[in-house]
Enquirer: 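Before I ask anything, here is the structure I am working with.
Small disclaimer: the values here were computed from a predicted structure and weren't measured.
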Amino acid sequence: MKPNYFKVVLAVALLFLSYTTFSQIPGETCSSAQPLEIPSTVTGIAEDNWYIITPEVTSSYEITTCSLNTCDTRLWVYSDCPSDLNTNVNLVAGNDDSCGLQAYLNVTLFAGETYYLRVGDFSNACTGPVTFSISSYEMTPGCTDPSAENYNAEANVDDGSCIIEGCTDAAAINFNSNATLDNGSCEFCDGEGSVIGTLYLCTFANPGQVELQILNSNGDVVAEMYGANGGAIQYGEVCLSPGECYTAVMSNNTGPNGWYNGYFWISYNGVQYINQSLDYGLEVETANFSIDGTCGPVPGCTDPNADNYDPSAQVWDGSCIYLGCTDQGAINYNWNANQDDGSCEYCTDGTVATIYVCTYSLGEQVELQILDSNGNEVIYIDNLWSNQVVYFYACLHQGECYTINMINNSGPYGWYNGYFWINVNGVQLTTGALQYGQEVASTIFSIDGTCGEAIIPGCTDPNALNFDADANVNDGSCVYPIYGCMDESALNFNPSANVNEGCIYEDSCESNLITVSVTGSSWPTEISYVIYDATYNVVYQGVYGTDYICLEDGCYTIELYDSLATDGMEVHL
């Protein structure tokens, strides 16, 4: 179980100086591991204990603390004593929380080999010894898959010999990824214009009653599904041809009670040709469909905003055409367009401004217009969606006064928390939102202070080193203090520092110059440490990396912290 906070406490007497790796594991050590009898149930003498396993026969071994303890236990098996317990060096198998807070291992061990079993807890969760059991069972190799032709009910170790007949050609529509022997049943979708559609079936309550068949115009079954589990989703493939009329037959095999909200659909390349469920009270229901309008719902462009909208279309087929400028470098780039109509415009004599519009609910009511001083429309933004963030571009000129009109096209109800802003070269010229109860509101601005509020870019944050009290628009130039030693000759030189502080040199300490190096973690930003004196007063706080500290002779305690979970670390003094 991963804790939110992890701490290691090391008590250190600094009466002399040396570089030492601190690693303290409670209980027995690997070097003092004791032979373990199999089978047996054992209670250790401490929280963490080591045992030697030397199997007489190659077999599977079950090692478990399940139902034997109440605290958070763990198990490890090593091929040799590990040099670092915080890594996976020499680790054969390990487990934590297999059964609640308890651990379970099923591992194959080889005759005559020596293994080291470590039985313990997670992050000192157990206050007393841990109890575990170990046993083995004889391995019987064979095919353990009941669906295979050569299934062996007595086998307990799968030896890869299973024979499963089916279509082994991945290009076939009835490809069986589990098949090991091709039985000549492969079927291919190779007719002219034919496509391989995806058949999706979702069941809810009473799933075993759901049956589905897809028939072609000759009455041949081209796909079927049945025997679904509760809350199940099944996928399949079906070959669909143009000019063919298919019939979906939905059945409830126990009577006229519907599919209980279960449904199915068939799609290809993002086009959903049919989506239907058995109506409540019916035992059998049929529905016709095709991929080209031969029967059933007519495919086509169903979006009224598209240039090729087809009012007779009933199924969206991905053919919608949206004309507009498709060049993202143009100021009138149309994010919705998928076919360029030659209307692209470029800003050659002005400055490109970025217009950001954010909508929430009822985004389709949001409209935004920018006019120049002569009333010419610079840009008009509409046809937006709800919960959408969209960028637009406009060509603006110095010495020009612009008017922004915020419009709600459905009446005085506000923009529902939607808002906009306009930036030029990283500087925000203006921002706003239509207030609740308004239908139209206007704002005047310019890019150079010609009208509206004068724009003075700079750092507007008083906490920054380069704070500009005259600036009224933050241009992103703020520089914040980074404290550290800026002297390259110092031991603790920090090349990132811009405020000089705390330089330490070889002769800086009147007492002892201590080097503290924290390494070994995969997540260094999570690591920190605190050093306390003998009366538990804080004398230094540090983070991952190397620090230099002046300490008087005496006894100190160093506490290591991992803010998320222990990922392994080393401290060198």
Side-chain angles (χ1 to χ4, degrees), residues 145-149 162-204 207-253 259-278 284-300 302 313-319:
D145 187 344
S147 65
E149 302 292 329
C162 290
I163 299 174
I164 300 175
E165 293 188 1
C167 174
T168 60
D169 190 334
I173 60 173
N174 61 333
F175 167 64
N176 183 351
S177 59
N178 295 319
T180 60
L181 179 64
D182 197 288
N183 62 0
S185 64
C186 292
E187 299 175 2
F188 299 90
C189 188
D190 51 8
E192 183 177 356
S194 297
V195 299
I196 299 176
T198 299
L199 172 60
Y200 170 107
L201 175 65
C202 179
T203 61
F204 293 91
Q209 301 172 9
V210 172
E211 295 184 0
L212 173 67
Q213 284 188 330
I214 308 298
L215 310 176
N216 63 18
S217 57
N218 295 322
D220 301 322
V221 177
V222 296
E224 60 183 341
M225 287 185 174
Y226 51 87
N229 295 321
I233 294 176
Q234 294 186 81
Y235 288 92
E237 292 183 341
V238 55
C239 183
L240 303 174
S241 302
E244 179 67 78
C245 186
Y246 296 94
T247 301
V249 181
M250 299 163 281
S251 306
N252 185 309
N253 59 29
W259 264 12
Y260 302 93
N261 296 319
Y263 63 96
F264 83 97
W265 50 246
I266 296 177
S267 66
Y268 168 74
N269 199 27
V271 180
Q272 194 172 94
Y273 295 107
I274 186 171
N275 185 324
Q276 199 152 338
S277 175
L278 182 65
V284 178
E285 186 177 359
T286 63
N288 295 325
F289 71 96
S290 65
I291 63 173
D292 58 1
T294 298
C295 67
V298 178
T302 58
Q314 300 165 292
V315 174
W316 179 84
D317 64 357
S319 65

Enquirer: Would you please name every residue forming a side chain to side chain contact (heavy atoms under 4.5 Å, CB included) with Glu187, sequence neighbours left out?
Expert: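 Partners of Glu187 under the side chain to side chain contact (heavy atoms under 4.5 Å, CB included) test: Ile173, Asn174.
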Enquirer: What heavy-atom pair brings Cys295 and Asn288 nearest, and what distance separates the two atoms?
Expert: SG-CB, 4.0 Å
Enquirer: Quick test of your reading: applying side chain to side chain donor-acceptor pair (under 3.5 Å), list the pairs with at least one residue in residues 290-300, sequence neighbours left out, ordered by first then second residue.
Expert: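 Matches after skipping sequence neighbours: Asp292-Thr294.
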Enquirer: For Val298, enumerate each residue passing the side chain to side chain contact (heavy atoms under 4.5 Å, CB included) test, keeping only those at least two apart in sequence or located in another chain.
Expert: Gln314
Enquirer: Can you name the closest pair of heavy atoms from Gly197 and Leu240 and give their distance?
Expert: CA-CD1, 4.4 Å
Enquirer: Which value, rounded to the nearest 0.5 Å, describes the distance between Cys202 atom SG and Tyr263 atom OH?
Expert: 4.5 Å
Enquirer: By side chain to side chain contact (heavy atoms under 4.5 Å, CB included), which residues pair with Asn269, not counting sequence neighbours?
Expert: none
Enquirer: If I compare all heavy atoms of Ala287 with all of Gln276, which pair ends up nearest, and what's the gap?
Expert: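 The answer is CB-OE1, 3.3 Å.
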Enquirer: What residues, two or more places apart in sequence or in another chain, satisfy side chain to side chain contact (heavy atoms under 4.5 Å, CB included) together with Asn216?
Expert: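 With sequence neighbours excluded, Asn216 shows a side chain to side chain contact (heavy atoms under 4.5 Å, CB included) to Asn218, Asp220, Val222, Glu244, Tyr246, given in chain and number order.
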Enquirer: Please report, to 0.1 Å, the donor-acceptor pairs under 3.5 Å made by any side chain of residues 188-195, with sequence neighbours excluded.
Expert:
residue : atom : partner : partner atom : Å
Ser194  : OG   : Gly191  : O            : 3.2
Ser194  : OG   : Ser241  : OG           : 2.8

Enquirer: With sequence neighbours excluded, what pairs up with Asn178 under the side chain to side chain donor-acceptor pair (under 3.5 Å) test?
Expert: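 None.
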Enquirer: Of all heavy-atom pairs between Asp182 and Cys186, which one has the smallest distance, and what is that distance?
Expert: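 The pair with the smallest heavy-atom distance is OD2-SG, 3.6 Å.
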Enquirer: Sequence neighbours excluded, which residues qualify as side chain to side chain donor-acceptor pair (under 3.5 Å) partners of Ser185?
Expert: Asn183
Enquirer: Find the distance between CD1 (Ile164) and CD (Glu149) and round it off to the nearest 0.5 Å.
Expert: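 CD of Glu149 is found 8.5 Å from CD1 of Ile164.
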Enquirer: What distance do Glu224 atom CD and Leu201 atom CG have between them, rounded to the nearest 0.5 Å?
Expert: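 The CG atom of Leu201 is 12.0 Å from CD of Glu224, to the nearest 0.5 Å.
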Enquirer: Could you list the residues that satisfy ring pair (Phe, Tyr, Trp, His ring centres under 6.0 Å) with Phe264, not counting sequence neighbours?
Expert: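 Partners of Phe264 under the ring pair (Phe, Tyr, Trp, His ring centres under 6.0 Å) test: none.
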Enquirer: Considering all heavy atoms of both residues, which atom of Ala172 and which atom of Glu237 are nearest to each other, and what is their separation?
Expert: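 That closest heavy-atom pairing would be O-OE1, 4.2 Å.
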Enquirer: By side chain to side chain donor-acceptor pair (under 3.5 Å), which residues pair with Asn176, not counting sequence neighbours?
Expert: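 Checked Asn176 against side chain to side chain donor-acceptor pair (under 3.5 Å); zero matches.
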Enquirer: Flag the pair Tyr273 / Asp317 as yes when at least one side-chain heavy-atom distance between them is below 4.5 Å, and no otherwise.
Expert: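 A side-chain contact under 4.5 Å is absent here.
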Enquirer: Under the rule for ring pair (Phe, Tyr, Trp, His ring centres under 6.0 Å), what residues qualify as partners of Trp316, not counting sequence neighbours?
Expert: none
Enquirer: Closest heavy-atom contact between Leu278 and Ser251?
Expert: CD2-C, 4.1 Å
Enquirer: How are the rings of Trp265 and Tyr235 set to each other: parallel, tilted or perpendicular (split at 30° and 60°)?
Expert: perpendicular
Enquirer: With Thr180, which residues qualify under side chain to side chain donor-acceptor pair (under 3.5 Å), at least two apart?
Expert: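 In terms of side chain to side chain donor-acceptor pair (under 3.5 Å), with neighbours along the sequence ignored, Thr180 is linked to no residue.
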